[in-house]
Chemist: 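Okay, handing you the structure first.
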Amino acid sequence: MLTGMKKYFLALGFFVLVCFGIFSSQEAKASTPVEKWGRLSVKGTNIVSQSGKKVQLKGVSTHGIAWFPQYINKSCFQSFKKMGANTIRLALYSDPNAGFSTSLYSKVEEGVDIATKLGMYVIIDWHILSDGNPKTYQKEALKFFTKFAKKYAKQKNVLYEICNEPNGDVTWERDIRPYANKVINRIRKYDKKNIIVVGTPTWSQDVDIAAAKPLKQKNIVYALHFYAATHTDAIRQKLKAAHQMGLPVLVTEFSVCDASGNGAIDKKSGRAWQKLLNKYKIGYVAWNISNKNETSALIRANCQKTGGFTKSNLSKSGKFIVSWWGK
Ligand code: IDC
């Protein structure tokens, strides 16, 4: 005969098992990345799902949306999703000489809407580049992130990347950190939770410098960008150092060619990066969705389609990178 106590524990055990079963079958059945992982947050060196599991974001970045807006469409994003991508990055260059205009805000919104309908994560990227210091267009950045943080605070699938690649006469301490504090505080006025990605010095390579004095806010990750033919062991060492110091890192942009976005593919360095990122469970987003005649373009130069891509439409770098996603 079971005592009352034993019955109670048996019933409790059964209940826990059933809950666990329902929960894990929901994860297994989930048809989209966002259904599966929910709202992301940062825990230690990792991005984690709503239930605390480590999540590796994998996806593709648009080219500058001023130049290649035609690829912001459902059929395009869906074809990358079918190949295994869970994330889209929308790159809006912040320098007017590189196409910035507030008239492109609607393109950003279109991109976020499509990614949301597909259950993908989406990174809104304030793409500083020729304007090397994020302070150059700080006022505009604050307006930009005010608008989108208000709009997307309730969505689970949005990440904000506040300065693509600081470069030139820019330091972490004097320029990037104060800029980041201002923009993060502004975003957090409206959006308390979604992850914010902060660029690091030297075209987002010096994650070790950021690791020495990270920001104090929650749910922040730091950008590391690499172009495998140019950025090899020395930059991988920086990642190792930053990781050991406990810095959460996300590769929001990379390719396997050289830093110009062109030139030969370095598969050996590419594989070394892939191995290291997988070891740390760090996500990686590939530059760029276009058919521009440059190595980093993921679509073949002779492919005129703007969606419905299959692997045969991908460029050499596209095929190599998509094979990392394991589908
Ligand atoms: C490159 C594009 C190229 C464009 C150039 C200038 O591939 O077509 O002409 O920008 O706008 C980065 C930047 C990214 C660069 C890329 C390759 O974030 O905007 O794109 N790159 O140079 N950092 C390192 C490399």
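What you see is a predicted model; the values in this text were computed from it and never measured. Atoms within a ligand are numbered from 1 in the order they appear, just like the ligands themselves.
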Chemist: Measure from NZ or CZ of Lys267 to the centre of the six-membered ring of Phe320 and say whether it is under 6.0 Å with the direction within 45° of the ring axis.
Modeler: yes
Chemist: Give a yes or no on whether the ring-centroid distance for Trp287 and His63 is below 6.0 angstrom.
Modeler: yes
Chemist: Using a strict cut-off of under 4.0 Å between a residue heavy atom and any atom of ligand 1, list the qualifying protein residues by chain and number.
Modeler: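 His63, Trp67, Tyr93, His127, Leu129, Asn164, Glu165, Tyr227, Glu253, Ala259, Ser260, Gly261, Trp287, Lys292, Glu294.
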Chemist: Given side-chain hydrogen bond (donor to acceptor under 3.5 Å, both in side chains), test Gln138 with Asn133 step by step and report yes or no.
Modeler: CA-CA 9 Å; Gln138 178 169 293; Asn133 193 326; over 6 Å; no
Chemist: Please identify each residue that fulfils salt bridge (Lys or Arg N to Asp or Glu O under 4.0 Å) with Asp208, with sequence neighbours left out.
Modeler: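 Per chain and number, Asp208 pairs via salt bridge (Lys or Arg N to Asp or Glu O under 4.0 Å) with Lys238.
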Chemist: Please state whether the rings of Phe254 and Tyr284 are parallel, tilted or perpendicular, taking 30° and 60° as the class boundaries.
Modeler: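 Rings of Phe254 and Tyr284: perpendicular, over 60°.
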Chemist: Less than 6.0 angstrom separating the ring centers of Tyr105 and Phe144, yes or no?
Modeler: yes
